[in-house]
Amino acid sequence: QVQLVESGGGLVQAGGSLRLSCAASGSIFRINAMGWYRQAPGKQRSLVAVITIGGSTNYADSVKGRFTISRDNAKKTVDLQMNSLKPEDTAVYYCNADIQTTVLSRSDYWGRGTQVTVSS
């Protein structure tokens, strides 16, 4: 059974930094894209950043220049370094991964989320 577990969330003042980590475990054949999403109260879940197995990245415009996504294929982890945090970054952050458990079986998996709160 595949599981994604996030860590690193917390409370930080505006202008500060946090580093989120996500570890995948279970019966995994291949992890394709991995990414981070966030959801603030009253808003839809939206993409923060995504990274392919080859290391190509894409970011939401609102976080470009401030956040950096990275992954370690051997460790099956993906991280999100968040700098210059703003109050509007406050949200629950979710890890997402496109995972094949076999050659022919492929699904999206989600972590349970970690709270990031940025105070003004």
Side-chain angles (χ1 to χ4, degrees):
Q1 43 188 346
V2 174
Q3 186 176 29
L4 300 179
V5 179
E6 303 101 333
S7 62
L11 175 64
V12 65
Q13 292 186 346
S17 298
L18 285 173
R19 187 176 183 89
L20 305 182
S21 295
C22 173
S25 62
S27 183
I28 297 172
F29 171 73
R30 179 184 176 95
I31 302 178
N32 301 298
M34 304 184 80
W36 288 93
Y37 292 71
R38 66 186 181 186
Q39 186 168 25
K43 294 189 175 181
Q44 294 186 337
R45 188 174 300 186
S46 62
L47 176 70
V48 177
V50 64
I51 184 168
T52 70
I53 192 169
S56 180
T57 60
N58 189 42
Y59 298 89
D61 288 341
S62 59
V63 307
K64 286 181 179 178
R66 300 188 298 121
F67 292 9
T68 302
I69 189 170
S70 61
R71 67 187 285 174
D72 187 322
N73 292 334
K75 296 180 179 179
K76 298 190 288 291
T77 60
V78 59
D79 291 353
L80 185 69
Q81 178 65 47
M82 305 185 294
N83 298 326
S84 302
L85 283 161
K86 304 174 180 179
E88 50 262 46
D89 294 319
T90 295
V92 177
Y93 284 70
Y94 297 90
C95 179
N96 171 260
D98 176 5
I99 295 176
Q100 293 174 248
T101 54
T102 68
V103 173
L104 299 179
S105 183
R106 181 174 178 175
S107 298
D108 264 8
Y109 292 85
W110 294 89
R112 294 185 61 84
T114 185
Q115 177 70 46
V116 172
T117 302
V118 184
S119 62
S120 60

For K43, all residues meeting side chain to side chain contact (heavy atoms under 4.5 Å, CB included), sequence neighbours excluded:
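By the side chain to side chain contact (heavy atoms under 4.5 Å, CB included) rule, K43 matches A40.
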How many angstroms lie between atom [atom1] of [X] and atom [atom2] of [Y], to the nearest 0.5 angstrom?
X	Y	atom1	atom2	value
S120	K86	OG	NZ	14.0 Å
I53	M34	CD1	CE	10.0 Å
L80	W36	CG	CH2	6.5 Å
F29	Q100	CZ	CD	6.0 Å

Taking distance alone, no hydrogens or angles, what donor-acceptor pairs closer than 3.5 Å link side-chain atoms of residues 108-116 to residues at least two apart or in another chain?
unit_1: T114; atom_1: OG1; unit_2: G9; atom_2: N; d: 3.3
unit_1: Q115; atom_1: NE2; unit_2: A91; atom_2: O; d: 3.4
unit_1: Q115; atom_1: NE2; unit_2: T117; atom_2: OG1; d: 3.3

Between [X] and [Y], is any pair of side-chain heavy atoms under 4.5 Å apart?
X	Y	answer
L18	F67	no
M82	L20	yes
S17	Q81	yes
Y93	E6	no

For residues 40-87, which residue pairs qualify under disulfide (SG to SG under 2.5 Å), counting only residues two or more places apart or in two chains?
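Every pair satisfying disulfide (SG to SG under 2.5 Å) with a residue in residues 40-87: there are none.
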For residues 86-120, pull every pair meeting disulfide (SG to SG under 2.5 Å), keeping only residues two or more places apart or in separate chains.
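Listed once each, the pairs are C22-C95.
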All salt bridge (charged side-chain N to carboxylate O under 4.0 Å, His left out) counterparts of R106, not counting sequence neighbours:
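Result, salt bridge (charged side-chain N to carboxylate O under 4.0 Å, His left out) vs R106: D98.
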hydrophobic_cluster_shared for Y94 and I99, side chain cutoff 4.5 Å
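No, because I99 and Y94 fall into different hydrophobic clusters, even though each may have its own neighbours under 4.5 Å.
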Count I, L, V, M, F, W, Y as connected when their side-chain heavy atoms are under 4.5 Å apart, and connections chain through other members. Are V92 and V78 then in the same cluster?
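Different clusters: V92 never reaches V78 through Ile, Leu, Val, Met, Phe, Trp or Tyr contacts under 4.5 Å.
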What heavy-atom pair brings [X] and [Y] nearest, and what distance separates the two atoms?
X	Y	answer
I69	G35	CD1-CA, 4.1 Å
R71	I31	NH2-O, 3.2 Å
V48	V63	O-CG2, 3.6 Å
S27	V2	O-CG2, 3.7 Å

So which pairs with a foot in residues 13-41 pass salt bridge (charged side-chain N to carboxylate O under 4.0 Å, His left out), sequence neighbours left out?
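Sorted result for residues 13-41: R19-D79, R38-D89.
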Determine yes or no for a side-chain-to-main-chain donor-acceptor pair under 3.5 angstrom, with Y59 supplying the side chain and R66 the backbone.
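No.
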